[in-house]
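In what follows, a structure is listed as structure tokens, so that the remarks can point back to it.
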Amino acid sequence: MCKKLEKFWNSLDRAVVVNKRELVLGVTACTLAGVLMGMLLSPRKTVTIGSNNGSNNTGNSPGLTTGDEAEDDSSDEEAQED
């Protein structure tokens, strides 16, 4: 096995002409393989996107107002008092 590896290692010394397209494809494949291996071998396995604060925004519920609506409601109350 060691002799085969040495023979292969020594065969890498010769010059080879590579097209630019093949070079770009090789670099891209190695980069994507590295990213994939990094994801699989990383200690962090869970990913959370967003704050996950439990708001579950599914629409405006009755009785709940946003900041802009709260300001509008207070001006309506003042107008009714006059």
Side-chain angles (χ1 to χ4, degrees):
M1 182 70 174
C2 186
K3 289 183 181 184
K4 287 184 180 181
L5 284 174
E6 186 177 340
K7 183 179 177 183
F8 173 71
W9 187 257
N10 290 334
S11 71
L12 296 176
D13 288 338
R14 61 189 158 118
V16 177
V17 177
V18 179
N19 293 337
K20 288 182 182 180
R21 184 178 295 170
E22 292 173 352
L23 181 64
V24 169
L25 181 61
V27 169
T28 304
C30 289
T31 302
L32 292 176
V35 168
L36 181 63
M37 286 178 53
M39 286 182 192
L40 294 175
L41 298 176
S42 69
R44 183 176 180 146
K45 298 293 181 187
T46 59
V47 175
T48 303
I49 299 175
S51 64
N52 197 17
N53 61 5
S55 64
N56 297 330
N57 292 330
T58 58
N60 290 336
S61 299
L64 297 176
T65 58
T66 61
D68 294 337
E69 293 172 351
E71 292 173 5
D72 294 339
D73 290 342
S74 63
S75 62
D76 291 339
E77 291 173 6
E78 292 173 3
Q80 289 176 358
E81 290 177 5
D82 292 337

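Given the structure is predicted, the values throughout are model-derived calculations rather than measurements. As a basis for the values below, the full set of heavy atoms in this structure was taken, side chains included, without hydrogen atoms, waters or symmetry mates.
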Using a 4.5 Å side-chain heavy-atom cut-off and chaining through intermediate ILVMFWY residues, the residues clustered with Leu12 come out as Phe8, Trp9
Connected hydrophobic set around Leu40, excluding itself, where side chains approach under 4.5 Å
Leu36
Taking only residues two or more places apart in sequence, or in another chain, which ones meet Leu5 in a side chain to side chain contact (heavy atoms under 4.5 Å, CB included)?
none
Can I get a per-line list of side-chain donor-acceptor pairs under 3.5 Å for residues 19-35, giving both atom names and the distance, sequence neighbours left out?
unit_1: Thr28; atom_1: OG1; unit_2: Val24; atom_2: O; d: 2.7
unit_1: Thr31; atom_1: OG1; unit_2: Val27; atom_2: O; d: 2.8

